[in-house]
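Read the numbers this way: they start at 1 and go in the same order the structure lists the ligands and their atoms. Because only heavy atoms are used, hydrogens play no part in the values below, and waters and symmetry mates are left out as well, while side chains stay in.
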Amino acid sequence: MKTAIITTDTFLNHSTGLGHPERADRVSVIVDNLKKFKKQLIWKKPTKFDRKFLNITHNNKYVDMIESSFPKKGFSYLDGDTVISPGSKEATLDAVGSIITAIDGVQNKEFQNAFCAVRPPGHHAEKNKAMGFCIYNNVAVGAHYLIEKYKFNKIAIVDFDVHHGNGTQNIFHDNEKVLYISTHQYPYYPGTGTEQEKGKYNNIFNIPLPAGTTSEEYLNAYGFVLKKLKEFKPEFILFSAGFDAHKDDPLAQFQLKSKDFYDLTKRTLSLAKVFSKGKVVSILEGGYDLNALQESTEMHVRALVEFN
Ligand SMILES: [Zn+2]
């Protein structure tokens, strides 16, 4: 089987204003670069999905509030740095739809694994709160979809974005079917992510690391991610794939190199092979230096392709 890239061009119309780091170029450069994989990839567009999966993840009131917030022109602010424009409506739904399409494709054996090249990102979006460039929590909708539609009981979300996914932690705090594991810079935005935050069922596993963390230090710490995955034995693995831990990223202070994203993906996939029949879906979160983002996503996708 092959690896799929799920993307569509509606992200271009999710405008965040001049000088905003979470900008359309991010996904454009990724998509352009991945074309070099040619026949090794299947390209798919996100499909429409049942809104009930949004309402399980967030709540009705929040979803209604978001739906009525998209401006007819100009910009609206959902928080200090979460900006939406008229085109954001379609882009946010396609970002959620991409993970649904990816999961369906893996379940239908259309492809082995998938990477969703979409924006806006999702892991800071809480049950009732947009923040940190995130509106709907895409990966969380994916986990709920796996539980509701495919009756999975053990889903692992591995979040290697340099920021803690406070939103994903918030949404799954009381859900024993979902193990959320995050490596992140700490103390740092958004302020959460200590080792003491464990979730109701010990289903949250935070690995806070200091500013300046090097490749070697990071990959050592990633050993704890793998150890936790081995204990949990996930039936499906989702990646919250942020690439802002790269040394060139302007928004944080880790020192990872592009190749580190290949290594961490490879190591995770070797466990996916044992526990989840290689079922892995990854979705883009952060990453704000265009060159670093392009290289790092290529490394990540290369590892996904090599699994086949
Ligand atoms: Zn981030």
With F70, which residues qualify under side chain to side chain contact (heavy atoms under 4.5 Å, CB included), at least two apart? I66, E67, I84, S88, K89, T92
Atom nearest to the Zn ion (ligand 1) - H163, N, O or S atoms considered: ND1
Return each pair, listed once, that meets ring-ring contact (aromatic ring centres under 6.0 Å, His included) where at least one residue sits in residues 256-278; pairs must be two or more places apart or across chains. F160-F261, F243-F261
Nearest N/O/S atom of D244 with respect to the Zn ion (ligand 1), by atom name, please. OD2
Distance from R26 atom CZ to T16 atom OG1, nearest 0.5 Å? 9.5 Å
Are any of the side-chain nitrogens in K129 or D79 under 4.0 Å away from the carboxylate oxygens of its partner? no
Restricting to N/O/S, name the atom of D161 that gets closest to the Zn ion (ligand 1). OD1
